[in-house]
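Ligands are counted one by one from 1 in listed order, and the atoms in each one are counted from 1 as well. In this chain, numbering begins with 1 at the start of the sequence shown. In what follows, every heavy atom counts, from backbone to side chain, and hydrogens, waters and symmetry copies are set aside.
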Amino acid sequence: MSKLITLQTPLDMHLHLRDAQMLQLVAPLTAKTFSGALVMPNLVPPVTTKEALLAYKQRICNAAGDEKFEPYMTLFFQHYSYDFLKEVKEHIIGIKLYPAGITTNSETGVSSLDSETLRPTLEAMSELGIPLCVHGETNGFVMDREKEFMPIYASLAEAFPKLKIIMEHITTKAAVDLLDKYDNLFATITVQHLLITLDDVAGGMLKPHLFCKPIAKRYEDRSALQKVALSAHPKVMFGSDSAPHPKHKKESCGCAAGVFTAPIALQILAQFFDKYKSLENLQAFISDNALNIYGITPPKKEVTLIQKEFIVPQSYDNFGETVVPMYAGETITWSIVE
Ligand code: NCD
Ligand code: ZN
Ligand code: ZN
């Protein structure tokens, strides 16, 4: 008998849905198997007003079609007033902070990460109970960027003890170690960072479809991430950071950063948790921890996975867009029961 697992209300707490044709292509792929997702605001221009936020949410819902799916919206961090935040609070799940220029579409991010400079907005968020999601990298040497950001996380966590701070897409042992030092720190982890190291990206032939920010790190970093994910540490949540870029922008001189995993993430996670005899913890990693951390009640959805081979498509094509997923053409040993 093949093994089965049924997941309740799967959530993706870090997702890029883009806009226009790309949104049309990718939104249904997530809406099919996830109850909800935290949607990143790094559009061009970024989402910074209530009007843009609500209009984007509507476009997402339209693109998702008939699926029961809740887009949890975020604003792109800038200096916002208390009154503005009070007004938008009911429409957002958090605010995403990007250091300027550190990743895709972050040019208008913050240039000073000093707690005092950020204080007016962070204090307002803290008072209103709006979480802060952070892309935590400095502009140092690429392998050290996340580690170098740890003192910044620590000073923010200390300066704003009531502010929930989510360390997005963590990739290092340093981040895992920091997690338990402050009550108000949490983290998302992607599937690629649970599975690959820099060796997979650049150790042999260069693999553009595995290139993302932060870049995959060392084996000891991956082990630390695996340990907290497989044990479903209550402060970690699944966030795919599925970041679609058109095929020609990945397979080009000057490859865009981002790995597209939305349609294969659940299958890979089932295979991975099964391999390490931890399937019983997948429910907490994929949903329960996020429900507790964010205090949300997404639409109910049940997704059953079976231990049966699934060949990852070479690409997903529709609406004139083509995106290549992680592991294109390869076999995953778990599939979704349709
Ligand atoms: C993301 C994107 O393409 O929007 N890219 C990535 O490599 N992760 C941005 C981000 O999450 O940093
Ligand atoms: Zn990021
Ligand atoms: Zn991202």
Checklist entry - Do you know the tightest heavy-atom contact between Ser35 and Pro298? => result CB-CB, 4.0 Å
Next on the checklist: I'd like to know if Lys96 pairs up with Glu168 as an ion pair, taking the criterion as any Lys NZ or Arg NE/NH1/NH2 lying under 4.0 Å from an Asp or Glu carboxylate oxygen.
Outcome noted: no
Next on the checklist: Tell me every residue that passes side-chain hydrogen bond (donor to acceptor under 3.5 Å, both in side chains) with Arg145, counting only those two or more places apart in sequence or in another chain.
Outcome noted: none
Next on the checklist: I'd like to check the side-chain hydrogen bond (donor to acceptor under 3.5 Å, both in side chains) partners of Thr117; sequence neighbours left out, ordered by chain and number.
Outcome noted: Ser112, Asp114
Checklist entry - Closer than 2.8 Å to the Zn ion (ligand 3), which protein N, O or S atoms? => result His14 NE2, His16 NE2, Asp241 OD1
Next on the checklist: For residues Val236 and Val176: do they belong to one hydrophobic cluster (side chain heavy atoms under 4.5 Å, members Ile, Leu, Val, Met, Phe, Trp, Tyr)?
Outcome noted: yes
Checklist entry - Ile268, Met237: one ILVMFWY side-chain cluster at the under-4.5 Å cut-off? => result no
Checklist entry - Under a 4.0 Å heavy-atom cut-off, which residues neighbour ligand 1? => result His14, His16, Arg18, Asn42, Thr103, Thr104, His135, His169, Cys212, Lys213, Asp241, Ala243, His245, Ala257, Gly258
Checklist entry - Under 3.5 Å, side chain of Ser106 to main-chain N/O of Gly109, donor-acceptor pair present? => result no
Checklist entry - So, are Lys213 and Glu137 salt-bridged, with charged N and O less than 4.0 Å apart? => result no
Item to check | Tyr98 vs Asn105, side chain to side chain donor-acceptor pair (under 3.5 Å): CA-CA, chis, key distance, verdict | outcome: CA-CA 9 Å; Tyr98 294 90; Asn105 303 341; over 6 Å; no
